[in-house]
Amino acid sequence: MSVQFIENKNLFILSCAKLSYAFYVDANRRLVHLHFGGKVFGEEGLIQQEIRKSHSSFSPWAAGEKPEDSVDALQLEFSGFNTGDFRVNSAAVQTCNGSRITDALYVSHRIYKGKKRLAGLPSAFAGDHDSVETLEITMRDTACELEFILSYSVFEECSTIVRSVKAVNGTASPLVLERLMSAQLDLPHTGFDFVQLSGSWTRERHPERTSLRSGIQAIRSVRGASGHQNSPAVALMAHDATEYSGDVYGAVLAYSGNFLIEVECEQYGTARLCAGINPENFSWRLAPGESFETPEVYLTYSGEGLGGMSRNLHDFMRRHLIRDGWAYRKRPLLVNSWEAAYFDFDSAKLLGIAESAARLGIEMLVLDDGWFGVRNDDTTSLGDWFVNTEKIGDLGELVRKINALGMKFGLWFEPEMISEKSELYRKHPEWVLHEPGRRRSIGREQMLLDMSRPEVVQYLFETISNILHSANIEYLKWDMNRNLTEVYSDVLPPERQGEVSHRYMLGVYRLHEMLLKEFPGLLIEGCSGGGGRFDAGMLGYVPQIWCSDDTDAMERILIQLGTSYFYPVSAIGAHVSVCPNHITGRITPFATRGDIALSGTFGYELDLTKLSEEEQALVRKQVADYHKYHHIIAGGDLYRLSDSFKVNAFDAWMYVSRDRREALITAVCRFCRPNDGVRFVRPRGLDPEMIYEVDGMQISGATLMSVGIQVRLNSDGASRIYYLKAL
Ligand code: DGJ
C-alpha cells in the first residue's frame with residue numbers, strides 16, 4: 001500500500017521505494033507536514049510536532065485556538081492568505097465582497113488506485129502499474145463554500161509523488177483565483193542549496209548552485225513560455241550533498257507557460273517551497289459550480305545525491321509522463337535541413353541530401369523552416385501552412401521520392417505564429433495577440449496568434465492536418481521563436497484578461513491533443529528557438545525536444561548534462577552539425593560531435609552531400625553506435641561522472657542498463673593540458689560482482705568502480721566511448 005491512513009492519529013503516510021512523505025490533520029483541522037525524505041518504517045516517532053515552537057504576538061493565531069497553533073509557525077501542506085501565515089502561500093482567492101482572505105481546513109479524504117488525468121493539461125498516467133495510488137484531500141474555506149482538493153499520486157516504483165490542486169467554487173457567486181500553486185512543501189530547515197537551470201538562447205539550462213538564505217529565492221517566467229532563461233524545475237541539495245551522496249529534493253513543474261518556483265527561508269528556520277502558475281498577471285474567474293485545476297508538480301527525494309534524484313525523475317517521466325512508450329523507443333535517425341540549407345533549398349537539393357543520407361544509413365529527412373507560403377527568409381508567411389510549390393514542387397511527390405529511398409519524412413511548423421506579411425494576417429488581423437490601440441512588439445518579424453481563441457486552434461488543426469494528410473509525414477517539429485507580449489485577447493471581457501496567458505497554454509496543449517488523436521503514430525519534436533520550452537509540460541505531449549540552437553559539441557556538454565538533472569536523456573534533441581560551428585565558430589573533431597550527440601535523440605544537421613570520405617566513414621560508425629547503444633542510453637541509468645556545475649577541462653558520464661549487464665562511458669577532453677598525468681574515470685552503478693569486458697580486458701565491477709578506467713585523451717576536443725559488457 002503506498003498510501004496509508006492511520007485513523008487514530010489522523011496520519012497519512014505516502015510510501016515509495018526510496019522515500020516516505022507524511023503529514024497529519026491536527027486538532028484545528030490543518031494539514032501539518034511531518035516528513036519528506038528517507039523511508040520510514042511504522043508510524044511511531046512521526047508525530048513530534050506537539051512540541052511546537054514558541055513565538056511572538058507577531059505570529060497570530062485564530063480566535064479560539066492557542067498561540068502555539070499559529071499558522072505562521074506550522075509546517076503546512078497548504079496555506080491560505082491573510083490569516084496569519086505570512087510566508088509565500090498556496091492560494092489567494094477574491095470573493096464577491098472584494099476580500100482576498102483565504103483559509104482552508106480539512107474536510108475529508110479519499111484514497112483510490114491509479115491516478116486521474118487532468119483535463120486539458122499535461123498529466124502523468126499510472127499505465128498498468130497497479131502500485132500507483134492517489135490520495136485526495138478536500139479542504140474548505142472557513143467563510144464560504146470554496147473547496148480545494150489536494151491530490152497526491154504516489155508512484156511507488158519511481159519514488160515520485162505527483163501533486164496538484166483543484167479549486168471548486170461551491171458558492172453562489174463568482175470567485176477570482178489570484179494565486180493557486182500546484183504544491184507547497186515545508187521543509188524543516190534551511191540548510192540547502194538551491195539548484196536551478198538557467199541561461200539564455202543558445203546557452204540554455206546551465207546548472208547553478210547557491211546556498212539558500214533568508215528571504216525568497218525564486219525562478220520564474222512571464223514570457224508565456226517556460227523560456228530559455230530558467231527551466232521550471234529546482235533541486236534542493238543539502239549543503240554536504242554531492243552528485244553521488246546526500247539529501248536532494250527535486251520539484252519539477254509540468255507546465256510550459258508562466259511559472260513560479262520559490263523557496264522562502266523564514267524566521268523559524270524552515271524552508272517553504274511553492275511551485276505553480278506564476279500569479280503575476282494571472283487571475284481566473286470561477287463561476288458558481290466551476291472548478292480550476294493546476295498543473296502537476298513532480299516531487300522526489302534521493303539520499304543518493306543529485307544523481308539519485310535525476311534517476312528517479314528519469315524513470316518516472318519515461319514510464320509515466322512520455323506517451324506510448326516513446327521514451328524507450330528508437331526514433332528514426334534523422335537529418336534536418338536547417339543548418340544544412342537554412343532557407344536556400346529546392347526539391348533537387350533536398351533529394352540530394354536524402355540520397356546521401358540513405359547511403360549512410362540515416363532514416364529520415366526533416367524539412368525545416370522555409371517550405372510554405374512564400375517564405376525565403378524569416379520575414380514572411382507564418383500562418384500560411386500551404387506548400388510553396390515553386391520551391392519544392394508537389395510535396396506528396398517529394399515525399400514519395402524520399403520514401404522510395406527507404407527514408408521517412410518529417411516537416412517543420414511554427415503553429416503559434418503569424419507574420420504580418422501573410423495571407424492569414426490579411427484575412428484575420430484580429431487573431432493576433434494584441435491590445436487594440438497599443439503598438440505591438442515584434443520578434444523575428446513575427447507576432448503571436450491568440451491561442452486562447454478556439455477558432456484559431458481549429459484553423460491550425462485543419463491546415464496542419466491537411467498538410468499531414470497530403471503526404472506520408474511521420475514526424476513534426478513544432479517550433480516557437482518568440483515570447484508573448486501585449487497579452488490581451490480581443491474576445492475576452494475585461495475581468496478575464498488575467499486568464500489569457502493560461503488560456504494560451506491550454507490552446508497549445510489542446511492543439512497537441514487534437515493532432516495526436518488524428519495522427520496517433522506521429523512523432524512530434526518540441527522546439528522553441530532551441531530549448532526555450534523544454535519542460536515536463538511539453539513532455540506530456542512530445543517525447544523529444546530540441547535542446548538548443550547551439551549545436552557546438554563542447555557547449556552541448558553543459559547544456560545536455562544540465563538538462564539531464566530533471567529530464568531523461570531520451571528526450572534531449574541532439575545533432576551532429578558542421579564545423580566551424582554556426583553559433584560559436586568552434587572546430588571540434590567529427591567523432592567527438594557524434595559521441596556527444598549520442599547522449600540524446602541523435603541525428604545530423606548538416607549538408608551530407610559535402611562530407612569527405614573520412615567523414616562519411618565516421619557517419620557510418622556513428623549510425624552503428626546509435627543502433628548498438630540506444631537501449632542503454634535511452635533506457636539505462638545515467639551517472640554524471642564529472643562536476644556538471646562547471647566547465648571542466650575533462651568531462652565524463654555514463655549509462656548503465658537496468659540489468660547492469662551493459663554500460664557505456666563517454667569521456668571528453670575539452671582543453672588539453674600537456675603532461676597532465678594519468679586520468680582515471682571511475683564508473684558507477686555497476687554490479688561489483690559481475691565481470692565486465694572493456695577494451696579487451698576482463699575486470700570485475702568492484703575493481704572498475706574502485707580503480708577506474710585509464711583514459712588517454714590528449715588533444716583539445718578529443719573524446720572516447722567505452723562499452724562495458726558483463727560476461
Ligand atoms: C529555431 C529552431 O531551433 C531551429 O532548429 C530551426 O528550426 C529554426 N528555428 C527555423 O526557423
Side-chain angles (χ1 to χ4, degrees), residues 28-31 60 62-63 71-72 74 76-109 118-121 136-151 163-186 216 220 222 253 255 257-262 264 272-297 492-503 505-506:
N28 301 314
R29 291 191 288 128
R30 297 216 159 77
L31 281 193
V71 283
D72 204 25
L74 288 176
L76 295 168
E77 287 296 299
F78 183 88
S79 65
F81 177 64
N82 209 0
T83 62
D85 183 345
F86 297 110
R87 295 166 286 184
V88 296
N89 64 341
S90 298
V93 183
Q94 190 183 30
T95 48
C96 61
N97 65 1
S99 149
R100 291 179 168 80
I101 304 162
T102 310
D103 183 21
L105 298 177
Y106 170 89
V107 178
S108 62
H109 72 268
L118 302 180
L121 283 168
E136 273 181 14
I137 297 192
T138 301
M139 318 262 301
R140 189 172 303 133
D141 189 82
T142 50
C144 68
E145 296 295 306
L146 163 64
E147 286 188 344
F148 298 98
I149 300 165
L150 277 49
S151 161
R163 288 185 58 180
S164 65
V165 178
K166 180 175 177 175
V168 185
N169 182 1
T171 76
S173 324
L175 297 172
V176 182
L177 304 178
E178 297 195 331
R179 176 180 171 108
L180 188 62
M181 303 307 273
S182 305
Q184 171 180 312
L185 175 66
D186 277 355
I216 298 171
R220 74 195 252 282
V222 286
L253 180 68
Y255 191 58
N258 296 340
F259 74 89
L260 174 66
I261 304 182
E262 53 187 346
E264 181 166 9
R272 170 172 292 174
L273 179 143
C274 284
I277 294 177
N278 193 341
E280 252 175 280
N281 199 19
F282 166 81
S283 62
W284 194 273
R285 208 172 154 79
L286 270 191
E290 278 183 354
S291 58
F292 179 91
E293 287 179 312
T294 69
E296 294 176 344
V297 165
L492 288 175
E495 66 277 14
R496 286 198 177 273
Q497 291 302 325
E499 299 176 13
V500 179
S501 300
H502 185 55
R503 286 186 184 273
M505 247 1 282
L506 294 177

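Predicted, not measured: the structure shown is a model, and the values here were computed from it.
- Scored by the ring pair (Phe, Tyr, Trp, His ring centres under 6.0 Å) test, F86 finds no partners at all (sequence neighbours excluded).
- Counting heavy atoms from C-beta outward, V71 and S79 have side chains that stay 4.5 Å or more apart.
- In this structure R496 satisfies the salt bridge (charged side-chain N to carboxylate O under 4.0 Å, His left out) test together with E499, sequence neighbours excluded.
- Taken to the nearest 0.5 Å, the CD atom of E296 stands 4.5 Å off from the CG atom of L118.
- Closest of all the heavy-atom pairs between R285 and P174 is NH2-CG, 3.6 Å.
- Looking only at side-chain heavy atoms (C-beta outward), V93 and L146 come within less than 4.5 Å of each other.
- Looking only at side-chain heavy atoms (C-beta outward), I137 and F78 stay at 4.5 Å or farther from each other.
- Between the side chains of R179 and T102, not a single donor N or O lies within less than 3.5 Å of an accepting N or O.
- We find the OG-CG distance between S173 and L286 to be 12.0 Å, quoted to the nearest 0.5 Å.
- No donor-acceptor distance shorter than 3.5 angstrom exists from the side chain of N28 to the backbone of R30, with no hydrogens or angles considered.
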Legend entry - Residue pair V165, S90: steps toward the side chain to side chain contact (heavy atoms under 4.5 Å, CB included) verdict: CA-CA 9 Å; V165 178; S90 298; over 6 Å; no

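- Considering only residues two or more places apart in sequence or on other chains, D141 meets the side chain to side chain donor-acceptor pair (under 3.5 Å) condition with none of them.
- M181 CE to I261 CD1: the interatomic distance, rounded to the nearest 0.5 Å, is 8.0 Å.
- Ring-plane geometry between H502 and Y255 is classed as tilted, the angle between the planes lying from 30 to 60 degrees on a 0 to 90 degree scale.
- Minimum heavy-atom separation, P295 to S182: O-OG, 2.8 Å.
- For the pair L260/F282, no side-chain contact is recorded, criterion being any heavy-atom separation below 4.5 Å from C-beta on.
- Contact detail for A91 and L180: the closest heavy-atom pair is CB-CD1, 3.8 Å.
- Atom OG of S151 is separated from atom NZ of K166 by 10.0 Å, given to the nearest 0.5 angstrom.
- Neither side chain, N82 nor R100, offers a donor N or O lying under 3.5 Å from an acceptor on the other.
- R220 CZ to N258 CG: the interatomic distance, rounded to the nearest 0.5 Å, is 8.5 Å.
- Judged by distance alone, the side chain of E264 and the main-chain N or O of V88 form a donor-acceptor pair under 3.5 Å.
- Put simply, the side chain of L150 reaches to within 4.5 Å of the side chain of M139, judged on heavy atoms.
- Applying the salt bridge (charged side-chain N to carboxylate O under 4.0 Å, His left out) test to R140 and every residue at least two apart in sequence or in another chain returns E145, E147.
- Between the side chain of Q184 and the backbone N or O of L76 there is at least one donor-acceptor pair closer than 3.5 Å.
- The shortest side-chain heavy-atom distance between R163 and E77 falls under the 4.5 Å cut-off.
- Ring geometry for Y106 versus H109: interplanar angle of 30 to 60°, hence tilted.
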Legend entry - Test log, rule side chain to side chain contact (heavy atoms under 4.5 Å, CB included), inputs Q497 and L492: CA-CA 6 Å; Q497 291 302 325; L492 288 175; 3.7 Å; yes

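- In this structure, F259 has no ring pair (Phe, Tyr, Trp, His ring centres under 6.0 Å) partners at least two apart in sequence or on a different chain.
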Inset, instruction - I would like to know whether Q94 and L175 meet side chain to side chain contact (heavy atoms under 4.5 Å, CB included); could you show each step before the answer? - result: CA-CA 6 Å; Q94 190 183 30; L175 297 172; over 6 Å; no

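- Residues T142 and L105 form a side-chain contact, since some pair of their non-hydrogen atoms from C-beta on lies under 4.5 Å apart.
- In this structure, OG1 on T294 lies 10.5 Å from CG on L177, to the nearest 0.5 angstrom.
- Here D85 pairs with R272 in a salt bridge; the nearest charged N to carboxylate O distance falls below 4.0 Å.
- With sequence neighbours excluded, the residues satisfying side chain to side chain donor-acceptor pair (under 3.5 Å) with T171 are N169.
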